[in-house]
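These numbers come from the heavy atoms of this one structure, side chains and all, not from hydrogens, waters or symmetry mates. Ligands are counted one by one from 1 in listed order, and the atoms in each one are counted from 1 as well.
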Amino acid sequence: SSAFQSLEKPYYVTTPIFYVNADPHIGHMYSMVLADVLKRWQTLKGRRALLCTGTDEHGLKVQQAAARAGVPPKQFCDETAGVFLDLAKRSGLANDFFIRTTDPDHIAAARAIWRRLRRKGYIYQSQHSGWYCVSDETFYPTALVEKRMDPTTGKVEVASVETGKMVEWTEERNYHFRMTAVRDRLLQFYKENPEFIVPAARLNDVVHWVTNHLEDLSISRPASRLTWAVPVPEDESQTVYVWVDALVNYLTKAGYPERWAPEEAKEVAAQAELEGTETAEAVLIDGNVQVGVHTENDAPLPPPLRTVALTPAQRARQEGGGWPADVHVIGKDILRFHAVYWPALLLALDLPLPKQLLSHAHWTLGRKKMSKSVGNVVNPFYAMDRFGVDAMRYYLVHDGGIEDDGDYGNEHIVDRYKKGLQGGLGNLLGRITRTTRWNVREAVEVKGATSFTEAAGASNESVQRQVQSIQGVALLASEHMDRLDPRSALHSIMDVVYQTNRFLQETAPWDLAKQLQTSPNDEMLQSRLHTSVYLTAEALRVVGILLQPVMPVKATEVLDILGVSQEKRGFAQAHLGADSDYGVSMKSPGRSKDGGLFPPLPVED
Ligand code: ME8
């Protein structure tokens, strides 16, 4: 355990784990990219960071989808989980883990959590009746359902007031979680952590719900109805409610139960030996329990994941005790599960609570929420084929809603691409590097030593504005990121691009270069040309560094073209004058006759 403690806790960010009932759409890519940007931002700042994404594979919704497809559930899950894994890869996610809730280490963690809850007296059995919604995988209180008539069939049915999804009356005997026992602690927690939810306004709804609607939670179903689920420990007639199973994923990849509950871990190992089944990889090493760990990033999936047993030290290094999560990125549709059920479970378990939730708004298509079950979805793979990975990441972060929903449209993407990327960033880089009229390297060498904030800057408004813009952006972007607002951070970075285009227009280095041809000894002219080129290159260098989390590939290209060395691409270098040892030579401008950094988009109908 000393090996665990000696390491600083890495920043830990997660996406929801997605149901495998249907293929991913733009909404899923959005959550993934937001989380990835948050992770990469921390890495840029020099902190170790972990990102977990994956798939939620149990439950009635998936069970029914598999049945409809006429495929055994595991095979059905393998196929769609493979598509989500592809999406993570195609989107350029730097995820450390890809969890599947059907993984043995996760099943072991879910069962360990159950045992711990039971041991602590939070689980009891009772008769349960209520309105269950398969689509939302949740029971709704009677006050939150309504009768309505199906407009096509004329049949009267009952549906959730909040989501409009059909519910059905169920009566069964099952296990309950004493959630009401932690009501006061929950309310206290919200009070002490007003920044728990971003955007903050959503906390009010949560407090209202906890105050008015909190009940004990049904956390199992009869195995006869829900077969595709984690079996309840010591009671095979019941299976674990999919949301309890799903939420635990965040702990699985933080090393639960070994790191947090050695008692439960030993039970898991003992049980595995008895059953010889789902947790067969659990072994005892040096008296410590080691549940088999799957290789993550590059594990082929499907077919089967490779299972390796790590020593505690290796594991500590790999998983690093990410818990508590710094931020769970989620859609606002699953806020209650993360803001109420999850903290309630953790309070009962005596485990630390996640620090923050980033609950983002939805992408709509024709103003209707993009949704797998409705089918009004955009395929993210096609979108990336057409516009490029980084252009899509840029669009999603730039226009994606945090507070308010955003309407998706190809015309908006084209617009952003032309204005921000082609006309802005790409154009700027091309104009400054693809010319023989000046030498960026020379300008950097000459001007890199000058203090623009005082001397040269003060005399000229254009220069002053440009200097301020470059100097201010790292802090500004950082403040936005700290508030979990990547969208505003990106806007503030792009403002430097637009400002620099104006600066280039104002200082017109091409005119200065022309004048220098006729009077080559004019030092004033030469100095003005150097200033113009230098402050443009500096803006691009700083912007290139700060854009890495949003557009990892394109930002790297920017820095490559500018000739910025690998060790000088961190946050510490993202200010004016931090690097005076870069710059392309005039004889080999970064790129020549191709379409540039952002080539024209293919014309399509
Ligand atoms: O709810 N716009 O999985 P899910 C933006 N398995 N984001 C969207 C979106 C849209 N139109 N549609 C979906 C589940 N999302 C559970 C989660 S977590 C322990 C278990 C994103 O496949 C958004 O993040 O229905 C939303 O919360 C999530 O996908 C729901 O994915």
Any donor-acceptor N/O pair, Asp216 side chain to Met179 backbone, under 3.5 Å: yes

Asn376 (side chain) donor-acceptor with Lys369 (main chain) under 3.5 angstrom: yes

Lys332, Met29, His25: member with heavy atom nearest to atom 12 (N) of ligand 1: His25

Any donor-acceptor pair under 3.5 Å from Tyr122 side chain to Arg116 backbone: no

Heavy-atom donor-acceptor pair, Tyr30 side chain to Gly401 backbone, under 3.5 Å: yes

Flag, side chain of Asn21 to backbone of Ala65, donor-acceptor distance under 3.5 Å: no

Test item, Trp342 contacting ligand 1 (heavy atom, 4.0 angstrom): no

Expected output: side-chain Trp169 to main-chain Gly130 donor-acceptor under 3.5 Å: no

Met370-ligand 1 polar pair, N/O distance under 3.5 Å: yes

Numbered atoms of ligand 1 (with element) below 4.0 Å of Gly331, judged on heavy atoms: 23 (C), 24 (O), 26 (C), 27 (O)

Protein heavy atom at shortest distance from atom 22 (O) of ligand 1: Lys372 NZ, 2.6 Å

Backbone N/O of His106 and side chain of Asp103: donor-acceptor pair under 3.5 Å: no

Close-contact set for ligand 1 against Ala246 heavy atoms, below 4.0 Å: 19 (C)

Expected output: side-chain Lys332 to main-chain His362 donor-acceptor under 3.5 Å: no

Shortest protein contact, atom 17 (C) of ligand 1 (heavy atom only): Ile17 O, 3.1 Å

Contact atoms of ligand 1, heavy-atom distance to Ser31 under 4.0 Å: 21 (C), 23 (C), 24 (O)

Exam field: side chain Asn212 to backbone His208, donor-acceptor pair closer than 3.5 Å: yes

Shortest protein heavy-atom distance from atom 2 (N) of ligand 1, along with the residue and atom involved: Trp363 N, 2.8 Å

Proximal ligand 1 atoms for Asp333, defined as those under 4.0 Å from one of its heavy atoms: 26 (C), 27 (O), 30 (C)

Check: Trp41 main-chain N/O paired with Arg47 side-chain donor or acceptor under 3.5 Å: no

From Ser135, Ala22, Gly27 - option closest to atom 5 (C) of ligand 1 by heavy atom: Gly27

His28: numbered ligand 1 atoms lying under 4.0 Å from its heavy atoms: 13 (C), 22 (O), 29 (O), 31 (O)

Ring-face cation of Arg221 near Tyr132 (centre distance under 6.0 Å, axis angle within 45°): yes

His360 near ligand 1 by a heavy-atom separation under 4.0 Å: yes

Nearest neighbour of atom 28 (C) of ligand 1 from the list Tyr250, Phe84, Phe18, on a heavy-atom basis: Phe18

Ligand 1 atoms in contact with Asp56 (distance to a heavy atom under 4.0 Å): 6 (N), 16 (C), 20 (C)

Heteroatom distance test (Tyr19, ligand 1): nitrogen or oxygen, under 3.5 angstrom: yes

Protein contact to atom 1 (O) of ligand 1 [nearest heavy atom, distance to 0.1 Å]: Ile334 CG2, 3.4 Å

Atoms in ligand 1 with a heavy atom of His338 nearer than 4.0 Å: 18 (S), 19 (C)

